[in-house]
Amino acid sequence: MSSLDELLNLSLEDKHIIAEYIWIGGSGTDLRSKARTLPGPVTDPKQLPKWNYDGSSTGQAPGEDSEVILYPQAIFKDPFRRGHNILVICDAYTPQGVPIPTNKRAAAAKIFAQKEVAEEETWYGLEQEYTLLQKDVKWPVGWPVGGFPGPQGPYYCGTGADKAWGRDIVNAHYKACLYAGIQISGINGEVMPGQWEFQVGPALGISAADQLWAARYILERITEIAGVVLSLDPKPIEGDWNGAGCHTNYSTKSMREEGGFEVIKKAIEKLGLRHKEHIASYGEGNERRLTGRHETADMNTFSWGVANRGASIRVGRDTEREGKGYFEDRRPASNMDPYIVTSLIAYTTILWKP
């Protein structure tokens, strides 16, 4: 009798390829997926067929007209099935070809396709913070049930059984993302114990958002295997504990060239003029995180500074010294939609005229 592991690891010898179609569900943060068989390897999303799903079961369509169409947009190697099997990031449309309300990728793609934006070669580095929770009690891993660990201080980038909880999950995710072809550039333990971070980028334009969604999907699958719960809540534990953000590092071609610091300062000025619009688009529950404490700026006040982690926008010392480089928008929450955030920053700094 074959074991389950043996069956899961059966080689199909590339006679059949499995494509896992992934899309964003009705909440705007939940990920859904289903698989289909293909006759052979695929390297371009344009080679993939469109597909459909029951939108009435995901909160995205009424029962009497429930069909939603999936358009394949980005392909990654599948670290779970391996071989030539793939993960496919999709966005969702009505049968008439209209993006459904939760499809934020379509609007982002239009912004990134604008000539002025494309010429600026926008780069993004996305710092995804997240919290690992015990499955049955929804309390951070490593924390005593109903109790608290010692105060913050030793946990950030910490080492040891009393400081770092969930490292195997984090390292498994790191290697799975590298295998998938995601431009994951690092990981670290965060200030609150049980909280971690991975970084995607620098990546160009909308691909940064595609890659972050793929990395989130892979993390959901790995935590499923490990029997823990992934939380992207921006303030999972109330009180004197750090929240979770998705700091967004950004530069344009002009910012990376000589004299770029002046371009950066003009871009930051424009971001300040549209602070309310950005805050409204930077994630749900962010008001619980952006309090002016725990390395955040108060959400009602816009500020920027060099090496200041208590500001809305942080400019690095290297950028100041070299007179060119990038800046970090520290306002986005951990549950932000990267399609919205990346395209909004590009729109405000490049296309918007005050």
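Just so you know, residue 1 is the first one in the sequence shown, and it goes up from there. Side chains are part of it too, since the values below use all heavy atoms of this structure and drop only hydrogens, waters and symmetry mates.
A cation-pi arrangement, defined by a distance under 6.0 Å to the six-membered ring centre and an angle within 45 degrees of its axis, is present between K50 and Y71. In this structure, R221 satisfies the cation-pi test against F80, with its NZ or CZ atom closer than 6.0 Å to the six-membered ring centre and inside 45 degrees of the ring normal.
Residues D233 and K235 form a side-chain contact, since some pair of their non-hydrogen atoms from C-beta on lies under 4.5 Å apart. The side-chain heavy atoms of M255 and T319, taken from C-beta on, include no pair separated by under 4.5 Å. The shortest distance between side-chain heavy atoms of N85 and E20 does not fall below 4.5 Å. Looking at heavy atoms from C-beta onward, K324 lies out of side-chain contact with E257 at the 4.5 angstrom threshold. Within the 4.5 Å cutoff, side-chain heavy atoms of P140 are placed close to those of I237. Put simply, the side chain of L48 reaches to within 4.5 Å of the side chain of I86, judged on heavy atoms. At a threshold of 4.5 Å between non-hydrogen side-chain atoms, the residues V341 and D329 do not count as touching. By the 4.5 Å heavy-atom criterion applied to side chains, L230 and E224 are not counted as neighbours.
Ring planes of F261 and W304: perpendicular class, angle over 60° (limits at 30 and 60°). Taking the six-membered ring where the residue is Trp, W143 and W241 present tilted rings, their angle falling between 30° and 60°. Relative ring orientation between W23 and Y53 is described as parallel, the plane-to-plane angle staying below 30° on a 0-90° scale split at 30° and 60°.
Of the possible polar contacts, none joining the H275 side chain to the S303 backbone as a donor-acceptor pair under 3.5 Å is found. At least one donor-acceptor pair closer than 3.5 Å links the side chain of Q47 to the backbone N or O of T43. With hydrogens and angles ignored, the 3.5 Å screen pairs no side-chain donor or acceptor of R309 with any backbone N or O of H294. Looking at S185, its side chain does come within 3.5 Å of a backbone N or O of G201 through a donor-acceptor pair. Side-chain atoms of R274 do not come within 3.5 Å of backbone N or O of L271 as any donor-acceptor pair. The main-chain N or O of N249 is never found under 3.5 Å from a side-chain atom of S251 such that the two would form a donor-acceptor pair. When atom types are taken as modelled, the side chain of N103 and the backbone of A92 share a donor-acceptor pair closer than 3.5 angstrom. Distance alone, capped at 3.5 Å, is enough to place a donor-acceptor pair between the E6 side chain and the S3 backbone. Distance alone, capped at 3.5 Å, places no donor-acceptor pair between the N335 side chain and the G283 backbone. Here the side chain of W51 pairs no donor or acceptor atom with the backbone of A35 at under 3.5 angstrom.
In R36, the CZ atom is crowded: over 12 heavy atoms of neighbouring residues, nucleotides or ligands sit closer than 6.0 Å. The neighbour count for D168 CG, taken as heavy atoms of other residues, nucleotides or ligands under 6.0 Å away, does not exceed 12. Residue-environment remark: NZ (K175) stays at or below the threshold of 12 foreign heavy atoms within 6.0 Å. Annotation: Q134, atom CD; neighbour count of heavy atoms from other residues, nucleotides and ligands within 6.0 Å is above 12.
Residues L7 and I18 fall into different hydrophobic clusters, defined by Ile, Leu, Val, Met, Phe, Trp and Tyr side chains chained together at heavy-atom separations under 4.5 Å. Neither L70 nor I24 shares a network with the other; the hydrophobic side chains, linked directly or stepwise wherever heavy atoms of I, L, V, M, F, W or Y lie under 4.5 Å apart, form separate groups for each. Under the 4.5 Å side-chain heavy-atom criterion for Ile, Leu, Val, Met, Phe, Trp and Tyr, L12 and I17 are members of distinct hydrophobic clusters. One hydrophobic cluster, built from ILVMFWY side chains closer than 4.5 Å, holds both M336 and L31. Under the 4.5 Å side-chain contact rule for hydrophobic residues, Y326 and I206 do not share a cluster.
Remark: K253 NZ to E120 CD distance equals 8.0 Å, nearest 0.5 Å. To the nearest 0.5 Å, atoms NZ (K276) and CG (N300) are separated by 8.5 Å. Note: E116 CD to I111 CD1 = 11.5 Å, rounded to the nearest 0.5 Å. For the atom pair M192 CE and T131 OG1, the distance stands at 4.0 Å (nearest 0.5 Å). Note that OG of S66 and CG of D54 are 4.5 Å apart. Values are rounded to the nearest 0.5 Å. For the atom pair CD1 of I340 and CD1 of I345, the computed distance is 12.0 Å after rounding to the nearest 0.5 Å.
For P45, the side-chain contact (heavy atoms from CB on, under 4.5 Å) partners two or more places apart in sequence, or in a different chain, are P72, I75.
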Apply side-chain contact (heavy atoms from CB on, under 4.5 Å) to the pair Q128 and L232, showing each step before the final yes or no. CA-CA 9 Å; Q128 178 69 70; L232 297 183; 3.5 Å; yes

Chi angles and distances behind the side-chain contact (heavy atoms from CB on, under 4.5 Å) call for F112, S343: CA-CA 7 Å; F112 284 114; S343 61; 3.9 Å; yes

For a side-chain contact (heavy atoms from CB on, under 4.5 Å) check, start with the C-alpha distance between Y124 and L212, then their side-chain angles and the critical distance, and finish with the verdict. CA-CA 11 Å; Y124 297 90; L212 187 67; over 6 Å; no

side-chain hydrogen bond (donor to acceptor under 3.5 Å, both in side chains) evaluation trace for S27 with T29: CA-CA 5 Å; S27 72; T29 57; 3.2 Å; yes

Worked verdict on E190 versus N188 for side-chain hydrogen bond (donor to acceptor under 3.5 Å, both in side chains): CA-CA 6 Å; E190 266 305 326; N188 61 268; 3.2 Å; yes

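No option in I89, L87, I22, V88 other than I22 meets the side chain to side chain contact (heavy atoms under 4.5 Å, CB included) test with S33. Each of H278, E277, K270 was compared with T348 under the side chain to side chain donor-acceptor pair (under 3.5 Å) criterion, and only H278 meets it.
Salt-bridge formation is not detected for the pair E269/K266: no Lys NZ or Arg NE/NH1/NH2 atom is positioned less than 4.0 Å from an Asp or Glu carboxylate oxygen. Ion pair E238/R288 flagged as a salt bridge, since at least one NZ, NE, NH1 or NH2 atom sits closer than 4.0 Å to an Asp/Glu carboxylate oxygen.
Here the closest heavy-atom approach between residue G28 and residue W213 is recorded as O-CH2, 3.7 Å. Between W165 and W196, the shortest heavy-atom contact is O-NE1, 2.9 Å. Minimum heavy-atom separation, G181 to Q211: O-OE1, 4.3 Å. For P154 against P151, the heavy-atom pair with the smallest separation is CD-O, 3.5 Å. Of all non-hydrogen atoms in L344 and S281, the two that sit nearest each other are CD2-CB, 3.8 Å. Of all heavy-atom pairs between R256 and E121, the closest is NH2-O, 2.9 Å.
Counted by atom type alone, N242 and Q152 present one or more donor-acceptor pairs between their side chains at under 3.5 Å.
Think of I279 as one node in a network of Ile, Leu, Val, Met, Phe, Trp and Tyr side chains linked at under 4.5 Å; its network also takes in L290, M299.
For residues 57-73, no pair satisfies salt bridge (charged side-chain N to carboxylate O under 4.0 Å, His left out), with sequence neighbours left out.
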